[in-house]
A.B. asks: 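Got a structure for you, questions after.
These figures come from a predicted structure and were not determined experimentally. Here is how names work: the chains are called A, B, and so on, in the same order as the sequence lines, proteins then strands, and each is numbered from 1.
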2 protein chains.
Amino acid sequence: MGARDGDDSATAGSTLGYALLSLLTRGPATGYQLASRVKAPIGHFWTAKHSQIYPELARLAAAGWVRAAEEAGPGPRAKKTYELTPDGLAALRAWLVVPPVAQPRSEITLKAYAANSGDPAAMAALYGGLAAQAARTLAEYEQDAADMRAQGMDDPAHPRFGNYAVLLMGLESQRVVQRWSAWLAASLDGGAPVPYPHPPAPRDNGY
Amino acid sequence: MGARDGDDSATAGSTLGYALLSLLTRGPATGYQLASRVKAPIGHFWTAKHSQIYPELARLAAAGWVRAAEEAGPGPRAKKTYELTPDGLAALRAWLVVPPVAQPRSEITLKAYAANSGDPAAMAALYGGLAAQAARTLAEYEQDAADMRAQGMDDPAHPRFGNYAVLLMGLESQRVVQRWSAWLAASLDGGAPVPYPHPPAPRDNGY
DNA sequence: TTTTGACATGTCAACTCTGACATATTCGCG
DNA sequence: CGCGAATATGTCAGAGTTGACATGTCAAAA
């Protein structure tokens, strides 16, 4: 028997399933809309193609975690608008407080590991380009964050506070990529040790 | 026909394949040793189980990118020590300068997206714990980095400069997780907006 | 008017990755 | 002497993920 049959209450879900439940806390949506929502800002840290979303929604529906309302759609098939059920919300809430263990995967860091097997000038150009790209993305995110603060989204009581939290993580990540890539490019370019530009520690906030 | 038959020179490899080639630039190793090497420091950004490594090594050998020397092993099978071939090094060098596109996946960020669907106290405890864990890891990495600098590994000419570069990325990542998790815990705990403790920008190094 | 893009849902083959199963020696510890 | 841990290599089922294929409407731009 499969690991996720919907006949009992203690059904386990995949991370993607919980990601979809999370998206549905923002309001009902079709599979197509979920595929769009999975782009910004959560898409910076979790993505899925529609080919994965549709079957997963079917499984969530079978488990009773989402409910679909059918309408005549533009294409040959009915359009289905999904919404979270109380069971689905309970499952999401239970999953939220489980400490995650998965490690990240980063191809740019993997390439850095083999940096001195590559041509130094080409590698420096690669990381210089990455730094420039990160700087552009960073500026964009900073604007987004300012807009969100103007809307009060930095208040944990705001229904889309999560969007703001995710964006801040994106911002910090881009900052790191920018700084680290620039340091690596300078190191490879100069052929001599370059001190890492560590920022001074910010004030301690008690955690 | 499969995508990675070894009969022609322009064979494409998987990221794991290149990761193994990268590890082999540090010297010949058995599959078992590669499974260990994939732990520190590169394991913070790329991991693989032996069940994935052994078949991949067989593919790399079939493509002529690695060469195996067989010896009598402790178990029922021969022990194989792999080394990089000139073709393998060329393939690695070509891969190194291709800008990566893959996006990271982060479960802790995904959970933050749905933060206000969870119990605030429980969520604050989760992120407070993550911040504490990151602080411990950070201290460990800072010690490692200092040791590496003492060995001259911050010089891009050092054969294990890549280890140092990867460790610095790990250090920065832990710093971000620590700061962001602590901010999130404080926000959820207080129930009111908490300014994000952005560090002042370090000096510009020209990139 | 044609064509492009958005809306909308699905299947399928192939590849990636994990966890469990399977086997066998050697070395150190109690 | 027995036990566990480390060394060492493999297979296999199943879950996760991607990219291509497939279908069809509607509105806006060229």
A.B. asks: Separation of B/Leu57 atom CG from C/dC17 atom C1', in whole Å?
C.D. replies: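 Going from CG in B/Leu57 over to C1' in C/dC17 covers 16 Å.
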
A.B. asks: Any N or O donor-acceptor pair under 3.5 Å from the base of D/dG19 to the side chain of A/Ser51?
C.D. replies: yes

A.B. asks: Output the rounded distance in Å from CG (A/Leu60) to P (C/dT9).
C.D. replies: 15 Å

A.B. asks: To the nearest Å, how far apart are A/Glu56 CD and D/dT18 P?
C.D. replies: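 It works out to 13 Å between those atoms.
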
A.B. asks: Please confirm whether B/Trp180 and B/Tyr196 have ring centers closer than 6.0 angstrom.
C.D. replies: no

A.B. asks: Between A/Glu71 (CD) and C/dT9 (C1'), how many Å, whole number?
C.D. replies: 14 Å

A.B. asks: I need the CZ-C1' distance between B/Arg105 and D/dT18, as an integer number of Å.
C.D. replies: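 Going from CZ in B/Arg105 over to C1' in D/dT18 covers 10 Å.
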
A.B. asks: Angle, rounded to 10°, between the helical axes spanning five pairs at each terminus of the helix from C/dT1-D/dA30 to C/dG30-D/dC1?
C.D. replies: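 Inter-axis angle at the termini of the helix from C/dT1-D/dA30 to C/dG30-D/dC1: 30°.
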
A.B. asks: Starting at the 5' end of DNA chain C, which residue's closest nucleotide do you reach first, A/Gln52 or A/Lys79?
C.D. replies: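 Looking at the nearest nucleotide for each, A/Lys79 comes out on the 5' side.
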
A.B. asks: Return no unless some side-chain N or O of A/Tyr54 is found under 4.0 Å from OP1 or OP2 of C/dG10.
C.D. replies: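 So the side chain of A/Tyr54 is outside the cut-off, no N or O lying under 4.0 Å from OP1 or OP2 of C/dG10.
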
A.B. asks: Compile the donor-acceptor pairs under 3.5 Å between side chains in residues 150-161 of chain B and protein atoms, sequence neighbours left out, one pair per line.
C.D. replies:
{"residue": "B/Asp155", "atom": "OD1", "partner": "B/Ala157", "partner atom": "N", "Å": "2.8"}
{"residue": "B/His158", "atom": "ND1", "partner": "B/Arg160", "partner atom": "N", "Å": "2.9"}

A.B. asks: Looking at B/Tyr141, does the NZ or CZ of B/Arg175 lie under 6.0 angstrom from its six-membered ring centre and within 45 degrees of the ring axis?
C.D. replies: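 No, cation not above the ring by the 6.0 Å, 45° rule.
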
A.B. asks: Expressed in angstrom and rounded to an integer, what is the separation of B/Leu16 atom CG from D/dT17 atom P?
C.D. replies: 17 Å

A.B. asks: Between A/His50 and B/Pro76, just flag the one whose closest nucleotide in DNA chain D comes earlier from the 5' side.
C.D. replies: B/Pro76

A.B. asks: Tell me which of B/Thr47 and A/Pro74 sits closer to the 5' end of DNA chain C, going by the nucleotide each one is nearest to.
C.D. replies: A/Pro74

A.B. asks: Ignoring backbone atoms, test whether A/Arg77 places a side-chain nitrogen or oxygen under 4.0 Å from the OP1 or OP2 oxygen of D/dA22.
C.D. replies: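 It does not, given that no N or O in the side chain of A/Arg77 lies less than 4.0 Å from OP1 or OP2 of D/dA22.
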
A.B. asks: Find the distance A/Tyr32:OH to D/dT25:P and express it as a whole number of Å.
C.D. replies: 17 Å

A.B. asks: So, A/Trp65 side chain and A/Leu21 main chain: donor-acceptor pair closer than 3.5 Å or not?
C.D. replies: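 Looks like no, no N/O pair under 3.5 Å.
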
A.B. asks: C/dG19 phosphate, OP1 or OP2: any side-chain N/O from B/Lys49 under 4.0 angstrom?
C.D. replies: yes

A.B. asks: Under 3.5 Å, is there a donor on one side chain and an acceptor on the other for B/Tyr18 and A/Glu107?
C.D. replies: no

A.B. asks: Measure the distance from CG on A/Leu34 to C1' on C/dT9 and round it to the nearest whole Å.
C.D. replies: 13 Å

A.B. asks: Under 4.0 Å between a Lys/Arg side-chain N and an Asp/Glu carboxylate O for B/Arg179 and A/Glu172?
C.D. replies: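 Between A/Glu172 and B/Arg179 there is a salt bridge, with a charged N closer than 4.0 Å to a carboxylate O.
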
A.B. asks: Calculate, to the nearest 0.5 Å, the distance between atoms CD1 and CG belonging to A/Ile42 and B/Leu110 respectively.
C.D. replies: 5.0 Å

A.B. asks: Do A/Thr15 side-chain and D/dG16 base share a donor-acceptor contact under 3.5 Å?
C.D. replies: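 Such a pair does not exist between side chain and base.
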
